[in-house]
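Below is one structure, written out as structure tokens, with a few remarks after it.
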Amino acid sequence: MGRRVVALAAEDKDIQVTAAIDHAENGLIGQDAGLVAGIAALNVPLSAEWPGYASVVIDFSLPIAVDGCLARCVAAKMPLVIATTGLQDSQKAAIAEAAKLIPVVWAPSMSTAVNLTMKVTQQITETLKNVTGGVDIEIIERHHRFKADAPSGTALRFGELIAEKMDGDVKHVHGREGETGQRTRNEIGYHAVRVGDNPGEHTIVFAMMGERIEINVAASNRDCYASGAITAAKWLQSQPAGLYNMFDVLGLS
Ligand SMILES: NC(=O)C1=CN([C@@H]2O[C@H](COP(=O)(O)OP(=O)(O)OC[C@H]3O[C@@H](n4cnc5c(N)ncnc54)[C@H](OP(=O)(O)O)[C@@H]3O)[C@@H](O)[C@H]2O)C=CC1
Ligand SMILES: O=C(O)C1=N[C@H](C(=O)O)C[C@H](O)C1
């Protein structure tokens, strides 16, 4: 993702890429970030050192890197867009604390299509939750074989948003195996598929007795996430300290 963010940001006349950060052991440290991204040289070396200041920071990394990134941004008062998924609850709490001091956009999917689909699935849930015979809601996500976390942050967010619209306690069930017994009413099932180079696909199934709806939202490539993060970064620069998500950025709140 870092490569695509650099490449798309470099094409944007309103953006100057001033730093590209990775960890010190990365074999590409010292090489030009533009060349690493497959575009012309930017005269910005990929570095493990943070700049003193940048007007906004975009983080696509690993959970282990997020705490340090957050600390740097708070110390230098830099607005931060966090796209990394698979975070621990303690890290989510740290993000909320940091957002009291700096503006933060945090979202498991920067894609416009995904965020719109989240709204649609909430609407469907509200309409179907008390349908005669009941509705079973399951979330199937597909991603590339390199993905390190499961289920995807986006699938979990779909589940949270859908659960907000259901009545009573919701049980989140991750995969099924063995003598599971019959499906209970108030559960949401999650299924993580890892295949080839899939850039991200989510299918939300609303199944009733006799008919069903399946909503599928799929990326053709990863640029929807990179350009969404860039849109978020531009928007964030004029916001006060606070915790925002892509609904806020896209005007869907
Ligand atoms: N919100 C969204 O829309 C999207 C979110 N994501 C999420 O973004 C994250 C990154 O995805 P992706 O680019 O595919 O993953 P990659 O593993 O390809 O990239 C992660 C990068 O972070 C680097 N890194 C590791 N540790 C550190 C550190 N301490 N400081 C700085 N950089 C570090 C890695 O370096 P090295 O390879 O040397 O370890 C690597 O270059 C994932 O959590 C993914 O789920 C992805 C797409 C969209
Ligand atoms: O790792 C990925 O590739 C993606 N991760 C995000 C997630 O976990 O939801 C977003 C997108 O689906 C791509």
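Counting starts at 1 for both ligands and their atoms, in listed order. Just so it is clear, the values below take in all heavy atoms, side chains as well, and ignore hydrogens, waters and symmetry mates.
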Item to check | Gln237: partners by side-chain contact (heavy atoms from CB on, under 4.5 Å), with sequence neighbours left out | outcome: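 side-chain contact (heavy atoms from CB on, under 4.5 Å) check on Gln237 returns Ser55, Val56.
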If only atom types and distance count, is the side chain of [X] paired as donor or acceptor with the main-chain N or O of [Y] below 3.5 Å?
X: Glu141; Y: Ser152; answer: yes
X: Ser227; Y: Asp223; answer: yes
X: Tyr225; Y: Pro199; answer: yes
X: Thr180; Y: Glu177; answer: no

Write out the residue and atom name of the closest protein heavy atom to [atom], then the distance separating them to 0.1 Å.
atom: atom 39 (O) of ligand 1; value: His23 NE2, 3.1 Å
atom: atom 1 (O) of ligand 2; value: Lys147 NZ, 2.9 Å
atom: atom 5 (C) of ligand 1; value: Ala83 O, 3.0 Å
atom: atom 13 (C) of ligand 2; value: His143 NE2, 3.5 Å
atom: atom 3 (O) of ligand 1; value: Met110 N, 2.7 Å
atom: atom 43 (O) of ligand 1; value: Thr85 N, 3.0 Å
atom: atom 28 (C) of ligand 1; value: Ala65 CB, 3.3 Å
atom: atom 46 (C) of ligand 1; value: Met1 CG, 3.8 Å
atom: atom 33 (C) of ligand 1; value: Asp22 OD1, 3.5 Å
atom: atom 20 (C) of ligand 1; value: Ser61 O, 3.8 Å

- Item | Those atoms of ligand 2 less than 4.0 Å from some heavy atom in Thr154 |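 By the 4.0 Å cutoff, the relevant atoms are 7 (C), 9 (O), 10 (C), 12 (O).
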Open item on the list: Is it the case that the side chains of Glu138 and His191 hold a donor-acceptor pair, with the cut-off being a distance below 3.5 Å and no angle test?
Closed with: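 Per modelled atom types, His191 and Glu138 side chains form a pair under 3.5 Å.
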Side chains of Thr125 and Gln122: is there a donor and an acceptor less than 3.5 Å apart?
->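 There is no such pair (donor and acceptor under 3.5 Å, judged by atom type) between the side chains of Thr125 and Gln122.
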Quiz prompt | Heavy-atom gap Glu201 to ligand 2 smaller than 4.0 Å | solution =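 Contact check Glu201 vs ligand 2: negative.
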Within the structure, is a non-hydrogen atom of His144 found at a distance of less than 4.0 Å from ligand 2?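 Yes.
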* Asked: At under 4.0 Å between heavy atoms, which part of Glu141 makes contact with ligand 2: side chain, backbone, both or neither?
  ->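 For Glu141, no heavy atom sits under 4.0 Å from ligand 2.
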Classify the contact between [X] and ligand 1 as side chain, backbone, both or neither, using a heavy-atom distance cut-off of under 4.0 Å.
X: Pro108; answer: backbone
X: Lys147; answer: side chain
X: Ala48; answer: neither

Per-atom contact, atom 18 (O) of ligand 1, protein heavy atoms, under 4.0 angstrom:
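No.
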Does atom 15 (O) of ligand 1 have a protein non-hydrogen atom under 4.0 Å from it?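 So far as the 4.0 Å threshold goes, atom 15 (O) of ligand 1 is out of reach of every protein heavy atom.
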With sequence neighbours left out, which residue pairs that include part of residues 62-79 fulfil the side chain to side chain donor-acceptor pair (under 3.5 Å) condition?
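Every side chain to side chain donor-acceptor pair (under 3.5 Å) pair that includes a residue of residues 62-79, provided the two are not neighbours, is Asp67-Gln91.
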Is any side-chain heavy atom of [Y] closer than 4.5 Å to one of [X]?
X: Trp50; Y: Cys73; answer: yes
X: Thr84; Y: Leu87; answer: yes
X: Asp248; Y: Trp235; answer: yes
X: His23; Y: Leu62; answer: no

Does an N or O anywhere in [X] fall below 3.5 Å from an N or O of ligand 1?
X: Thr84; value: no
X: Tyr225; value: no
X: Ala107; value: yes

Looking at ligand 1, does Arg222 have a heavy atom less than 4.0 Å from it?
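Arg222 counts as a contact of ligand 1 under the 4.0 Å cut-off.
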Show the atoms of ligand 1 that are less than 4.0 angstrom away from any heavy atom in Ser109.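 Counting atoms of ligand 1 from 1, those under 4.0 Å from Ser109 are 1 (N), 2 (C), 3 (O).
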Item to complete: Between Ser152, Pro108, Gly153, flag the one that comes closest to atom 6 (C) of ligand 2 by a heavy atom.
Response: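 It is Pro108 whose heavy atom sits nearest to atom 6 (C) of ligand 2.
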Lys/Arg-Asp/Glu bridge criterion (N-O < 4.0 Å) met for Lys147, Asp149: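 Between Asp149 and Lys147 there is a salt bridge, with a charged N closer than 4.0 Å to a carboxylate O.
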*asked:* Is the ring pair His174/Tyr190 parallel, tilted or perpendicular, if the boundaries are 30 and 60 degrees?
replied: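 Taking Tyr190 first and then His174, their aromatic rings lie parallel (interplane angle under 30°).
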Anything under 30° is parallel, anything over 60° is perpendicular, the rest tilted; go ahead and classify Phe158 against His202.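 Tilted.
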With respect to His202, determine whether any N or O atom, backbone or side chain, lies less than 3.5 Å from an N or O atom of ligand 2.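 Checking ligand 2 against His202, no N or O pair falls under 3.5 Å apart.
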